Amino acid sequence: MYLNFVFPSRTHRSKTSCTHDCIHDEKASPTRNPILPSGSSNILNHSKDVISYKAITATHFRIRSIRSGECPSGVRLSYTVKVAEHNPGLVGEEKEIQEQKEPSHQNTLLQLKTDLYKALNGINRGIFGVPSAKKSEIEDLVKQLESQNPTPDPTLNLDKVDGCWKLVYSTITILGSKRTKLGLRDFISLGDFLQTIDVQKSKAVNVIKFNARGLNFLNGKLTVEASFKIASKSKVDISYDSSTITPDQLMNMFKKNYDLLLAIFNPEGWLEITYIDDDMRIGRDDKGNTFILERSEEEEVR
């Protein structure tokens with residue numbers, strides 16, 4: 001801002017007020033100068049023979065030049081107000097503050113995923129049932145993530161799908177007589193659910209691990225192989241190929257109820273990928289089930 005003041009050879013005292021913002025009453029209090037923008041703090045002080053001026057840089061982003069008339073006292077004031085353009089530092093500070101107040105898209109997704117993992121804690125992937133309130137909480141978080149899916153056309157970006165994944169939640173449940181028949185109450189426990197997807201071969205291999213306590217903690221697994229083909233930008237059609245249980249001792253235990261076991265874990269049908277990023281995938285199938293998987297660091301199963 002530049003302030004140019006023009007004074008006569010001598011000053012006067014007068015109790016007569018100028019019509020152009022000059023006050024010469026020796027008792028007059030400081031008066032805001034209406035010539036300058038209302039947001040500025042320019043104050044014109046007159047006390048006896050002393051005329052003082054205080055100027056604070058205006059924040060109005062415009063240029064304005066005003067000249068007053070000549071006061072009766074003979075004092076002629078000339079103001080030239082020049083306001084600088086936007087201060088880069090101030091603009092930067094405002095932008096930084098705004099970014100702090102408004103979390104980024106990535107921060108929002110990270111928080112949702114954190115909340116989802118908290119909700120999944122302690123429910124054993126939901127395989128043996130989940131309280132309705134907990135199930136609703138999980139479903140709500142899933143829907144929020146799906147609405148912000150960073151990969152809206154997942155089948156056009158299958159490189160994100162390729163690799164090994166571990167199931168962390170499913171609405172498929174094994175309850176009541178099914179759980180009893182399969183010996184999953186006390187005798188056999190479920191281990192990890194792994195899925196390996198080979199995009200180049202259009203193959204998916206699901207592995208369900210078991211531990212049989214009665215057989216010296218024998219470890220075994222059910223392997224289900226399937227093929228898939230792209231059905232839309234978000235869906236794939238899945239066809240069952242084959243399944244095996246190893247070792248033979250575990251197969252003998254499940255032999256009587258093998259069809260029941262396979263019916264639970266058979267992936268045949270269609271699957272829609274509703275959310276996928278670098279480390280999480282969510283899908284919904286034609287039977288109304290929801291699946292949440294995380295990328296696994298375990299060795300891929302072929």
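If you're wondering where the values come from, they're calculated on a predicted model, not measured in any experiment.
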Got a salt bridge between E139 and R284, using NZ or NE/NH1/NH2 to carboxylate O under 4.0 Å? yes
Criterion side-chain contact (heavy atoms from CB on, under 4.5 Å) on I197 and R281, from CA distance to verdict: CA-CA 12 Å; I197 298 176; R281 175 161 60 93; 3.6 Å; yes
For the pair N157 (side chain) and K160 (backbone), establish whether a donor and an acceptor sit closer than 3.5 Å, ignoring hydrogens and angles. no
Taking all non-hydrogen atoms of both residues, which atom of N149 and which atom of I276 are closest, and how far apart? OD1-N, 3.2 Å
From T171 atom OG1 to N289 atom CG, the distance as rounded to the nearest 0.5 Å: 4.0 Å
Give every residue pair that meets the salt bridge (Lys or Arg N to Asp or Glu O under 4.0 Å) criterion with at least one member in residues 165-185, sequence neighbours excluded. K166-E294
Say whether, by atom type as modelled, one donor and one acceptor occur between the side chain of N206 and the main chain of V224 under 3.5 angstrom. no
Roughly how far, to the nearest 0.5 Å, is the OH atom of Y258 from the OG atom of S243? 2.5 Å
Closest heavy-atom contact between M253 and F187? CE-CE2, 2.5 Å
Would you tell me whether Y275 and T151 have side-chain atoms, one donor and one acceptor, within less than 3.5 Å of each other? no
When you check the gap from the basic side-chain N to the acidic O, do K134 and E137 get nearer than 4.0 Å? yes
For a side-chain contact (heavy atoms from CB on, under 4.5 Å) with Y169, tell me which candidate from I127, L116, V130, I282 qualifies. V130
Counting only heavy atoms not in K229, do more than 12 sit closer than 6.0 Å to its NZ atom? no
Where is the tightest heavy-atom contact between L120 and I123, given as atom of each residue plus distance? O-CG1, 3.1 Å
Which atom of P247 lies closest to which atom of N219, heavy atoms considered: CD-O, 3.5 Å
Keeping the roles fixed (side chain from D285, backbone from K287), state whether a donor-acceptor pair exists under 3.5 Å. yes
Counting only heavy atoms not in D159 (residues, nucleotides, ligands), do more than 12 fall under 6.0 Å from its CG? yes
For residues F128 and I174, report the shortest heavy-atom separation together with the two atoms involved. CD2-O, 3.3 Å
Looking only at heavy atoms, which two atoms of D241 and S227 are closest? And how far apart? OD2-OG, 2.6 Å
Do S232 side-chain atoms and K235 backbone N/O form a donor-acceptor pair below 3.5 Å? yes
